[in-house]
Engineer: 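Okay, handing you the structure first.
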Amino acid sequence: MEKIEHIGIAVKNLENGNNIYKKLLGKAHYKIEEVKSENVKTSFFHVGANKIELLEATSPDSPIAKFIEKRGEGIHHIAFAVKDIQQEMQRLENEGFTLLNKVPKKGADNKLVCFVHPKTANGVLIELCQEIKT
Ligand code: ZN
């Protein structure tokens, strides 16, 4: 793992969240992106070497909608940048972590991603992400 790439925060309303985080961080988000496969709309803020990702559900069966229903708005996941996602997935599986997807999938912000089940990581949803080289 190289660094914390971003922290994902579940919000009920992205526009409202963008306004709050713009005030908090002193700058606006630099992109908004919809991830259709996950039924989420995201926005990204730079904070030094790291990012904040806000996530809004775009349908009631989105994982974000379910999260907010259960736990309310708040920190949803921590994402770590990795060099070789396949290798890290194999390593974590060997260490006994449960991976939520067996094959890396395309996430927001030009990344290949894999999620680690929170039950195997002390209640925190972990995301691995590798930059897609274009
Ligand atoms: Zn994320």
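Remember, predicted model here, so these are calculated numbers, not experimental data. Numbering of ligands and ligand atoms starts at 1, following listing order. Sequence positions, counted from 1, serve as the residue numbers for this chain.
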Engineer: Aromatic rings F67 and H76: how do their planes relate, parallel, tilted or perpendicular, breaks at 30° and 60°?
Structural biologist: perpendicular

Engineer: Checking one value in my table: which N/O/S atom of E53 lies closest to the Zn ion (ligand 1)?
Structural biologist: OE1

Engineer: If I take the Zn ion (ligand 1) as the centre, what angle separates the NE2 atom of H6 from the NE2 atom of H77? Nearest 10 degrees is fine.
Structural biologist: 110°

Engineer: Under 2.8 Å from the Zn ion (ligand 1) - does any N, O or S atom of H76 fall there?
Structural biologist: no

Engineer: Can you tell whether the side chains of E88 and R91 come within less than 4.0 Å, N to carboxylate O?
Structural biologist: yes

Engineer: Using the side-chain contact (heavy atoms from CB on, under 4.5 Å) rule, take V47 and L25 through it: C-alpha gap first, then chi angles, then the decisive distance, then the call.
Structural biologist: CA-CA 8 Å; V47 196; L25 302 172; 4.1 Å; yes

Engineer: By atom name, which N, O or S atom belonging to E127 lies closest to the Zn ion (ligand 1)?
Structural biologist: OE1

Engineer: Treating N50 as the side-chain partner and I4 as the backbone partner, does any N or O pair qualify as donor plus acceptor under 3.5 Å?
Structural biologist: yes

Engineer: Using the ring of each side chain (for Trp, its six-membered ring), is F115 parallel, tilted or perpendicular to H77, with breaks at 30° and 60°?
Structural biologist: perpendicular

Engineer: Below 2.8 Å, can you find an N, O or S atom of C129 next to the Zn ion (ligand 1)?
Structural biologist: no

